There are 2 protein chains.
Amino acid sequence: MTDEKPPAAGAGDCDAITAPLCGGARQILDAARRLFAEHSYEGVSVHDIAAAAGVSKANVFHHFTSKEALYLTTLREAALQTAAEVESLVAGPGDHAGKLRALAGLILDKMLQDPQQTRLLLRELLEHGTERGRELAQQVFERNFQAEVSLFRQAQHCGAFRGDVDPVIGWLAMIAANMTFFLCRDVLRHNPDFNYADKPEAFLSAVCDVLLHGLAAPASAAPGRSREPVS
Amino acid sequence: MTDEKPPAAGAGDCDAITAPLCGGARQILDAARRLFAEHSYEGVSVHDIAAAAGVSKANVFHHFTSKEALYLTTLREAALQTAAEVESLVAGPGDHAGKLRALAGLILDKMLQDPQQTRLLLRELLEHGTERGRELAQQVFERNFQAEVSLFRQAQHCGAFRGDVDPVIGWLAMIAANMTFFLCRDVLRHNPDFNYADKPEAFLSAVCDVLLHGLAAPASAAPGRSREPVS
DNA sequence: AGAATCGCCGACCGGCCGGTCAGTAAGCCG
DNA sequence: CGGCTTACTGACCGGCCGGTCGGCGATTCT
């Protein structure tokens, strides 16, 4: 079912992303994206969006058929991404341990580069109260999954990764650490033991080390007092 | 600032959890908890809660000073948990690898055992749009953190875990996998490659194996075609 | 020059929101 | 028995919600 306005002759219809948007519609979308990302669909009113965009509420409805149509447009824009960079990385040269580090870095960079986009899509995935936007976010998630997990499969196939571990588990552990860093960063910032809130690279380096080599001490390590971790 | 009703002589005041709640208040709280967990604070009206509890809206306000007070009461109840089980596990006997598996299992069991409680608290941590309830959830998070990370520190101290890895990283990788399983389970259920949606034990077993031993193939493994993973 | 179109908006709509008021019935106490 | 307290509710409140209507000025087209 479509909520989009049937396009009038010459009039911009902004629900579907087709023609370049006129200035007003762009402002509205940018404001909507910012507010929906921060406060969720229910936490934002059209009045809020209009005020943030510097236009009237009626103008919002001039460009978009409904609040929900506006929201779905912000999600469609957020979902306009490809897995091309991941695919290039996977297909490129390099050892698999290095590729894993690069992949984890790429994913977290993208998340931190556009937190609004990340938040919009993650919220749709994690909040299962409604179906709204869920399909869009799920398409992105699945597209990324295929590209990302192929690295784990390739590494296993080449013998670089263990053959007795499901590549999907490796993928999930990697993506879980990234998501948790992104989502919990502000909470963890208050934790004096968590020194990585402003050091995503250090965080990923440490996580990838654990994912590759595990926590268990090598069997050859002498029992007894361990060395203190490097800080 | 407190929104709670000053307690009238003999009258139940349900905002603060003190005296046992009368039947009506209990029904309201149970309905509130279910609806807030599923739809968030903004996505639920007092009308919805009253209807689900089988009482009038005015009765909700008879027992609770405001919608927000009701919400905070559901969060306080959700936050009434201790880290005693984790502390017992950490202090008990057993090798650390086994303890890690047991800890991860305990955490995921508790999440799956009361998904509403989990969702209420996680939402407060992950959605940073408001401060409401954030402090309550953060207290729970930090209390659990201290208990959980102590296992990683203990394992490292005993030489069972590597000395060159920050125990907080190990902890985060473990908790991240648990959170992601809990939050993304329904999304991942649609993924034919993810065989664990209904097998949390198998999932955790595989994740703990990776956390302990890593993904990298042992150096002694013959290069070339890897064995297929056991399905 | 006049008509048509476009981008925009103030005023307004009905409905829902959180919350209050004034009241009822039942139970308890002196 | 009368007064008080408690648990509860229908009706109602002002404000905000999503959304519409009728109109304006500028621009474009014939």
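Computed from a predicted structure; not experimentally measured. Residue numbers start from 1 in every chain, and the chains themselves are labelled A, B, ... in the order their sequence lines are given, proteins ahead of strands.
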| query | Can you list every salt bridge (charged side-chain N to carboxylate O under 4.0 Å, His left out) pair that touches residues 140-152 of chain A, not counting sequence neighbours? | reply | none

| request: Scan residues 180-195 of chain B for pairs that pass salt bridge (charged side-chain N to carboxylate O under 4.0 Å, His left out), counting only residues two or more places apart or in two chains. | output: A/Arg153-B/Asp193, B/Asp186-B/Arg189, B/Arg189-B/Asp198

| Partner set under ring pair (Phe, Tyr, Trp, His ring centres under 6.0 Å) for B/Tyr196, not counting sequence neighbours | B/Phe194

| query | In B/S/- notation, 5' to 3', how is nucleotides 8-22 of chain C contacted by protein heavy atoms closer than 4.0 Å? | reply | BBB------SBBBB-

| field | Set of residues satisfying side chain to side chain contact (heavy atoms under 4.5 Å, CB included) with respect to A/Gln27, sequence neighbours excluded | value | A/Ala53

| message | So, using side-chain hydrogen bond (donor to acceptor under 3.5 Å, both in side chains) as the criterion, who are the partners of B/Arg119 when residues are at least two apart? | response | none

| task | Applying side chain to side chain contact (heavy atoms under 4.5 Å, CB included), name anything that partners B/Ala58, two or more places apart in sequence or on another chain. | result | B/Ser56

Write out a two-atom table: protein N or O, nucleotide N or O from nucleotides 22-28 of chain D, distance below 3.5 Å.
none

| Contact list for residues 100-113 of chain A, test side chain to side chain donor-acceptor pair (under 3.5 Å), sequence neighbours left out | A/Glu85-A/Lys110

